Every structure is written in C-alpha cells, then in structure tokens.
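A short write-up of the structure that comes next.
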Amino acid sequence: MKKVLLALPLVIVACTAPEQASVVDAFNVNYLDTSVAPCEDFFQHTAGGWIDENPIPETETRWGRFNELIETNKHRLKTILEEVSAGTYEKGTDEQLIGDLFASAMDSIARNEAGLTPLMPYLEEVSSVASLEELFTLMGKNKFNGIGAPLSMYVSTDAKNSSAHALYVGQSGIGLPDRDYYLREDSASLVLQQQYRDHIAKVSALVGKDWDVDAIYNLEKAMAQAMKSRVEMRNSVARYNPMTLEQWQALAPNMPITAYVAAVGVHSDTLINSAPEYFSRFNEACAKSGLETWKQYYQWHVADAAANTLNDEFETLNFEFYSKILRGIPKMNPRWKRAQGAVGSLGDQLGHLYADRYFPEESKAQVEAMVEDLRSAFRDRINGLTWMSDTTKEKALAKLDAFTYKIGYPDKWEDLSDLDLSRASYFENSKALSQYFTADNLSKLEEPVDKEEWGMGAHIVNAYYNPLNNEVVFPAGILQPPFFNPEADDAINYGAIGGVIGHEFSHGFDDQGANYGADGNLENWWTAGDKKRFDELTTKLANQYDAYEVLPGVNVNGRLTLGENIADLGGLTLAYHAYLKHRGDTEVAPIDGFTDKQRIFLGWAQVWQMHGREEYLKNQVVTDPHSPGKFRVNGPMSNMPEFVEAFGGVCTNGGLVKAKEEQIIIW
Ligand SMILES: [Zn+2]
C-alpha cells in the first residue's frame, strides 16, 4: 500500500441513515451501483455510485477514498503550517524548521526575483569539468545536493544481518519513470519519447544552454537498455550481491565508479550491489558517449533536480511534461499544496505536530487489539494449510509470533535541532535538507539498526511492512474513516483497517517477504517441496492478474504486482476470519440490508472506491507494484469461498467468482 496524492476538500455525503443505527459513513449505500450484481463485479457494485458522484479533480490524476482522506489531512496540515509559519520560534525547534521551510516555499516573490540565478553556479561547475573522472567526482559531491547520477548509493539495513547496516549500490540515472519508457516502440511510446526530448530542449533553452538533446536521450536510453526490469528488481535474493569496491569497478572499467565513491567519502570493505548486470552491460555505452554529451546529460539532471525549487516559469515547464503529459493532470495544484509537499521531507516533525492534535489515544488500543486478532487468525490459517508441511509451518508460525508493530506515531521523535533552515531561500533550504539527510543516511553505516525508527511520517495515509524488522506499521494518518471508523460496526472496520492490517501481515509471507526469516534476515526457512508448492500457487495468481485488462490492450503485470496481490488475498481472508473469531457466537443484525459477513467485504471495497485517468493507469501498470482498485477488490474475492459464503447462492457460478477447484488459496 504505497499511495500518495492530493486534491479538493473532502465532501462527506450527509445521507440519511436508514432504519438501522448505522453511522452515516460506515458504508454509504448511495455509493452502490445496484444495476450490477455483487457477484458479477463487486467493484462496480460497491464503487459505481461513488465514482459517478466524485469526478477526478482537475489537479489530480486519480481520485478515490484514499485521496479524500489525504485531502482532509492536507487541510489539517495547512492549519498547522499557517500557524507555525506566522509565529517566531527558537531555532532548531520543529515549529521553526517547518514554519521557515513552508514560508520559503510559499514566498513566490523572492523565488521569482531570484529566478534561475541560484542554479547557475551548479551548471557552470559542470561546464568546467575536463574529464569523465572529474565529472563522476562532481556527481559524488552533488549526491549531497540531491542530484541524481547513473548509479545509486545509500545505507540501509543489511538484509543478511538485520541488526547492522550495509552500503547498497545499484542502477539509476534516467529521467523517465521506468526503463520501459525508452525500450517500447509502439506509436504512443514514440510520441512520448519525442515529448520528453522536447521537454529537455525547453529546459536547455530556459537555462541558456544549447544541449544536443538526441545525444542526451541516447545516453539515457543506453542506461535504460542496461537496466534490470522492475520485475527482476523484485527478486531480493538476486539483488543481494556483496562485493568490494574493486570488484564493482571491474564490472564497468569505463565508468569512474571509484572517483564517485571517493567524492561521496564513504568507506566500506563490502558493498551490496543490487544490479551488477547493469554496470557490466552499460560499460561499453559509457565510453561511447563523448565527454561533451556526458556533461550535457548531467547539466540536464542538475537543472531537472531544481525545477520545483526555483521560479514559477521552471515549475510550470516541469508541470507541463511530468504532470500534464505523463500523468494527464490538467491543472497545477495551488501553491500551498505544492509547498506542503516540500515540507514532506520533515516527516517526523510534521507528523509530531499532526499526531498531537488529531490522533485520539483510544484509537491506539483499539487498533492494537485488532492487530492481535489478525495475528491470531493468521495462526489458525497457517495451522490449517493443506499445502504446507509441519516443518515449514513451524517456521512460519515462529515468524508470525515474532512480528512487531507500531501504531499511530513514534515513541521518540527525531531531533533535527542542528538542521539549518531559514526563510531566505527555498532553493538553499532544499539543498540544506538534501545535504543533511544524505549525510545522516551515510553516517548510519557504522551504527547498529535502530528498530524504533519509523519509515514514514505519522500524518501519512499509508501503512507498511518492513521485512528487515519483521514489523507492521500503521501511522495515525490512516487510522481514520474510511479505514478505521470508531463509530462504524465491527464488520466494516475488520474489512477496512482489518484488511489493511492483514495485507501488511501477508507481506511477510508474499513472494518477497517469504525470503526473510523471523529476525528479518534474508534466509531460506522453507523445505524444497513447500517452496515449490508456494511458487506454483503464486504463479497461478500472477497469471490471473496478467489477464486483467486495465484499458484496451493494456494489462496488469502479474509479476510486478504479485506481492501486493498475495497481500490483498491474504489480507482480506485474514480479516474475514479475524472478524468471525472476534464476533464469536453473538448474533449481529443486518445493517442496510447487508449481513455482517457481507459488510466485511463492503468495508474492504469501500477503501478502493476510486478511479484514474488513462495516463495514470498506463503509468501505473508499468511502475506501480499495486493493481488498480478494481482488481484489488475483484481479484481477492474471485478466489474466496468466504465471499460465496457471505453472498450466498447468487455467487455459486459464473461472473466474478471462480469455480471452487480454480480458486487460489495461499494463506
Ligand atoms: Zn502492500
């Protein structure tokens, strides 16, 4: 569940609650499309009415219940940001850092007056470079300024020693969202490739340069051709390639890797290379491009990295390509929302102020109880699996028992009091942030892993599973309606936030998570036979999603989305059984004509009431490991005997639900 976006004020539809005592928004029956039967297309049945009433705002590329909640949070954060930016606070406090950063981003007068001037020294520094080695030295230095290079480098938990850190390196360096954008040759892709070159040409003119755009494009295309695909990059075992710097350099003698690393100033006897193939495949092309092309390529990336931190002209130019053409968004968001995005890098600080005001402590205990209910249901499911041997079950249960969780907000907040931000210049603030966080990340190499650390601000509407900590994390931002509604009936909440909790739990046992053990290390805990049966089941699921058509001729990539689809299927199944266990023998009366078992499915489906523009969907199937909302609803339900149980005879044949013997049950 990695979802981020923006939009218009939340409109809670104030429908009148029918006879039962259901709360207005537990599930709003006005959102149903009753012209489609639940067992034909549950997504359309439950989302059709909502979609009709909620067109995609002009500033957005997709719109759904996720976005509504994000929008509500944006307005809450706006209040906080306007308050702290109007006040005076002691230097280094959360309020000062956030307030000054926000004020500098909002200061259109200063930004437009400065124009492109702050960027110029960075471009001239590239002009003065006399060799490829010098250029890579500059790239290493500029890593601290947030400027990308044809290689990536960062410190993260060592996947085979989860209490220590390791230095990770890998592929990078292209300006389009994925290597496939360069490799495709259909007519729409050719048009897009030309539009990208046109955009680079416009930036060249804007910054007063005369770049050879085709040469820049061809260099990026050569990188794209050398890259591993997103599907290949999902293989965590193949991504773990320990080597020395000398061995890394030997993969691509033409690429001055050593010079780059020296400039970054980080030392490690061993580094982990996630894409050694990229370096060996790119080596030849690396030498083919002349120094002038390399310098122009890098100037383009220096400029591009600064596009949203300078004046309106550059920001608009950037919007025209990356948002309008690539994502189909007609209209730019208002300045306060763009500035809020800029403050997002201070996630802990923003999350702190947010959680203080908007997270009710009672929610924490309720969600904790649900997490334990889900764990208990998962334990039962593992014990009952027919395809897994007792030997592997024992390991799976040990991993499940070892899961930890974080709910709401961190116990301790990150101290950034030595970060130097001011109101003077948004461009300089952006550089200062980048320098601070890059240095902070690299400095962790020698330190043990802090298991208390959060990977997401408390205000974020999202959740995650971190296999290296074997933990599930639910920030305050998502613990609100329609995910978690203290006023709603239990069935709705188990289907919604319960499904999300189950989804994150299931990530620990998806095709990637299954490669990590109870203490977060990349290790095999499966017998060969069980692993084979697991792979067979997941392959069937990948094939099912491959067949889903998003737009005419555009299908879901079943391998790219496999982990998320396993998690959706597992998550909803767990939520269903956790609810039944929680309910016990209590009789629960139907609400709005739906039984409690049916309302579990309504709860899940409600979260995925959404739609997206064509451009969004096209981009999503290439870059996003999540399936479109429609298949996050219909996909799991097609495989669930529980869905048939809840909706009865109407679901026994045809339509959405697969024949019993075809249903894929993994967890
Ligand atoms: Zn997920």
Side-chain angles (χ1 to χ4, degrees), residues 1-5 62 64-67 69-70 230-231 233-236 367 370-371 374-375 378 399-400 403-407 454-457 460-475 477-479 482-484 494-516 520 538 541-542 544-545 548 556-576 578 603-608 610 612 620-637 639-640 664 666-667:
M1 314 213 0
K2 291 257 155 87
K3 301 278 164 188
V4 198
L5 294 193
R62 62 150 219 201
R65 300 304 297 277
F66 251 100
N67 303 76
L69 180 51
I70 291 168
R230 268 178 207 264
V231 170
M233 289 301 284
R234 290 189 73 252
N235 184 337
S236 36
V367 176
M370 283 181 87
V371 169
L374 264 294
R375 193 203 303 263
F378 208 164
K399 176 165 182 176
L400 181 67
F403 264 75
T404 56
Y405 53 81
K406 292 173 178 158
I407 295 169
W454 281 55
M456 206 176 258
I460 300 290
V461 183
N462 214 330
Y464 66 89
Y465 170 70
N466 177 0
L468 300 161
N469 274 8
N470 196 25
E471 64 172 358
V472 286
V473 184
F474 307 96
I478 199 171
L479 301 178
F483 293 91
F484 175 64
Y494 272 79
I497 195 69
V500 171
I501 295 167
H503 172 102
E504 301 306 340
F505 264 123
S506 301
H507 270 316
F509 300 89
D510 71 15
D511 62 317
Q512 292 178 301
N515 295 322
Y516 296 83
T538 58
L541 195 66
Q544 175 182 339
Y545 279 77
Y548 285 143
V556 173
N557 181 338
R559 282 285 160 192
L560 178 64
T561 56
L562 182 56
E564 297 299 332
N565 301 333
I566 295 171
D568 283 344
L569 175 55
L572 186 56
T573 304
L574 293 174
Y576 187 88
W604 176 256
Q606 174 165 245
V607 166
W608 304 113
M610 62 182 293
Q620 182 179 25
V621 296
V622 177
T623 61
D624 191 341
H626 302 86
S627 298
K630 178 177 177 179
F631 305 113
R632 300 195 72 165
V633 172
N634 289 349
M637 289 175 197
N639 286 311
M640 291 177 65
I664 304 162
I666 304 175
W667 296 109

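Hydrogens, waters and symmetry mates play no part in the numbers below; they use all other heavy atoms, side chains included. Note that ligands are numbered from 1 as they come in the structure, with each ligand's atoms numbered from 1 the same way. Along the sequence shown, the residues carry numbers beginning at 1. Here the structure is a predicted model, which is why all the values come from computation and not from measurement.
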Would you kindly say whether [X] and [Y] are connected by a side-chain donor-acceptor distance under 3.5 Å?
X    : Y    : result
T404 : N469 : no
Q512 : Y516 : no
E564 : H503 : yes

Name the residue from F509, Y576, F403 that meets the ring pair (Phe, Tyr, Trp, His ring centres under 6.0 Å) definition with F378.
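In the set F509, Y576, F403, the residue that makes a ring pair (Phe, Tyr, Trp, His ring centres under 6.0 Å) with F378 is F509.
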
Of all the N, O or S atoms in E564, which one sits nearest to the Zn ion (ligand 1)?
OE1

Atom of H507 nearest the Zn ion (ligand 1) (restricted to N/O/S, atom name only):
NE2

Strictly under 2.8 Å, is any N, O or S atom of E504 next to the Zn ion (ligand 1)?
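It does not; every qualifying atom lies at 2.8 Å or beyond.
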
Flag H503 as yes if one of its N/O/S atoms falls below 2.8 Å of the Zn ion (ligand 1), otherwise no.
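H503 does place an N, O or S atom closer than 2.8 Å to the Zn ion (ligand 1).
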
